[in-house]
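In this text the structure is predicted, and so the values were computed from the model without any measurement.
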Amino acid sequence: MSKQNDVIVLGIFVADLAFYAPRMPVIGETLAGSNFVSGPGGKGGNQAVASARAGASTGFITRLGKDAFGDTGLKTWAAEGVTPFADITEDDPTGAAFIFVNDETGENAVIVVPGAAGGIDGAMVERYADEIAGAKVFVTQLEQPVGAALRGLEIARAASVITVFNPAPAEAFSDAIFPLCDYITPNETEAEDLTGIKVDNLADARRAGDALLAKGVGTALLTLGETGALFHSRDVSELIPAAKIDKVVDTTGAGDAFNGCFAAALARGEPPLRAAHFANIGAGISVTRAGTAPAMATYGEIIAKLKADAS
Ligand code: ATP
Ligand code: RIB
């Protein structure tokens, strides 16, 4: 019998192909870049690695092609100690993401093609119901079809598993999802998409948080980039300032770092606000490194930085 994981992530795995340049080329133009990094990616895959590095026993439900990119996923999880619950198909290739990284600011733009993981559906999630129901925390996003996310959240909720829903990328979904979320973790643009409130400052973020609470979520946890994160529940609304870092290298996957670290801390039994502080530091460390999954911080690194920033 396989060991039960404390955190189960449902999502996509793709190969990230990141190109560093001073700006995006315009149509018809070829531009010389300054760096290229390829490696494991996909929001779900990144969150699973972040959770495992942050100390939680982690399983990942996904779908891969039988190809070199799929092998990268399997090798990554073996190295990181993530338990794969991966359906492997010969019908579709593993997906890939084109990532532009501004080599001055670390900001990014992404095109993601989910490939085989685009075939994850409710019936597939159902087959992993025992793994979800036996976890402490369940995490999902919106890169795979929304019906699969919904089914995972329903299974988790029915089993009283803590649910973390990262509504990324911004995709339409049924209002039935909100009450299934113990935590919803949009960034500023996703929060605007979900609430119609443009998030330009803390007051806006709090109004967007209120709107999400009114839709039925337990707690809204808005990630605010270099500003940090807003933990907004019915009892407490606290801005968690971003980690103090020297240089932003690559912000791609910062949201994934946050979600994975948050889930790991919740699974360890940390109080939610403390778990959010831990996640905020884990995400801050990730932006100082190139790549997505490879940039995730370890438990020891996060604890050391939490202490350093507090002193
Ligand atoms: P991505 O889509 O690139 O994964 P995102 O837009 O989902 O990112 P952000 O809100 O930009 O997520 O960032 C997530 C978290 O990462 C923030 O809440 C913060 O904790 C951390 N972070 C991001 N940028 C910085 C920064 N410049 N300095 C310190 N921490 C940062
Ligand atoms: O959140 C970052 C991720 O989004 C990248 O790893 C890329 O694969 C896209 O899915």
Side-chain angles (χ1 to χ4, degrees), residues 6-7 9 47 50-51 54 56 135-142 149-150 152-154 156-168 170 173-225 227-243 254-284 302 306 309-310:
D6 288 343
V7 174
V9 181
Q47 292 174 12
S51 167
K136 292 181 177 152
V137 181
F138 172 74
V139 186
T140 194
Q141 336 66 27
L142 285 174
L150 172 62
L153 290 165
E154 285 171 344
R157 173 53 60 84
S160 303
V161 174
I162 298 169
T163 55
V164 178
F165 178 49
N166 176 219
F173 60 84
S174 147
D175 277 359
I177 284 197
F178 290 109
L180 297 172
C181 304
D182 290 313
Y183 300 93
I184 193 166
T185 57
N187 67 12
E188 289 139 309
T189 45
E190 291 146 7
E192 178 181 352
D193 233 72
L194 296 177
T195 64
I197 296 165
K198 189 158 170 40
V199 178
D200 282 333
N201 54 44
L202 182 56
D204 296 339
R206 288 204 159 106
R207 283 195 300 125
D210 281 340
L212 292 166
L213 295 180
K215 286 175 185 284
V217 306
T219 295
L221 190 43
L222 283 76
T223 62
L224 305 172
T227 304
L230 175 68
F231 184 99
H232 192 79
S233 72
R234 287 170 183 80
D235 309 319
V236 50
S237 181
E238 181 175 316
L239 175 68
I240 303 168
D256 301 333
F258 189 97
N259 280 277
C261 294
F262 182 60
L266 288 178
R268 215 171 21 248
E270 290 195 23
L273 188 53
R274 226 169 70 195
H277 277 268
F278 179 86
N280 180 61
I281 296 293
I302 299 170
L306 263 170
D309 276 14

Residue pairs passing the salt bridge (Lys or Arg N to Asp or Glu O under 4.0 Å) test where at least one lies in residues 257-267, sequence neighbours excluded: none

Tyr183: partners by ring pair (Phe, Tyr, Trp, His ring centres under 6.0 Å), with sequence neighbours left out: Phe262

Straight-line distance of Leu202 CG to Thr227 OG1, nearest 0.5 Å: 9.0 Å

With a cut-off of 3.5 Å and sequence neighbours excluded, list every side-chain donor-acceptor pair involving residues 235-243.
residue : atom : partner : partner atom : Å
Ser237  : OG   : Arg206  : NE           : 2.6
Ser237  : OG   : His232  : ND1          : 2.7
Glu238  : OE2  : His277  : NE2          : 2.9

Non-neighbouring partners of Asp256 that pass side chain to side chain donor-acceptor pair (under 3.5 Å), sequence neighbours left out: Asn46, Gln47

Lys/Arg cation over aromatic Phe278: Arg268, 6.0 Å, 45° cone: yes

Residue pair Thr223 / Asn187, side-chain donor-acceptor N/O under 3.5 Å: no

Side chains of residues 158-165: which donor-acceptor pairs under 3.5 Å do they make with residues two or more places apart or in other chains?
residue : atom : partner : partner atom : Å
Thr163  : OG1  : Leu180  : O            : 2.6
Thr163  : OG1  : Asp182  : N            : 2.8
Thr163  : OG1  : Asp182  : OD2          : 3.3

Residues that Thr195 engages under side chain to side chain contact (heavy atoms under 4.5 Å, CB included), provided they are two or more places apart: Ile197, Ala208, Ala211, Leu212

By side chain to side chain donor-acceptor pair (under 3.5 Å) - contacts of Arg207 (at least two apart): Asp204

Closest heavy-atom pair and its distance - Ala257, Gly282: CB-O, 4.2 Å

Qualifying residues under salt bridge (charged side-chain N to carboxylate O under 4.0 Å, His left out), relative to Asp210, sequence neighbours excluded: none

Listed partners of Thr140 passing side chain to side chain donor-acceptor pair (under 3.5 Å), at least two apart: Gln144

Partner set under salt bridge (charged side-chain N to carboxylate O under 4.0 Å, His left out) for Lys198, not counting sequence neighbours: Asp200

Qualifying residues under side chain to side chain donor-acceptor pair (under 3.5 Å), relative to Glu154, sequence neighbours excluded: Arg151

Set of residues satisfying side chain to side chain contact (heavy atoms under 4.5 Å, CB included) with respect to Ala263, sequence neighbours excluded: Val7, Val137, Val139

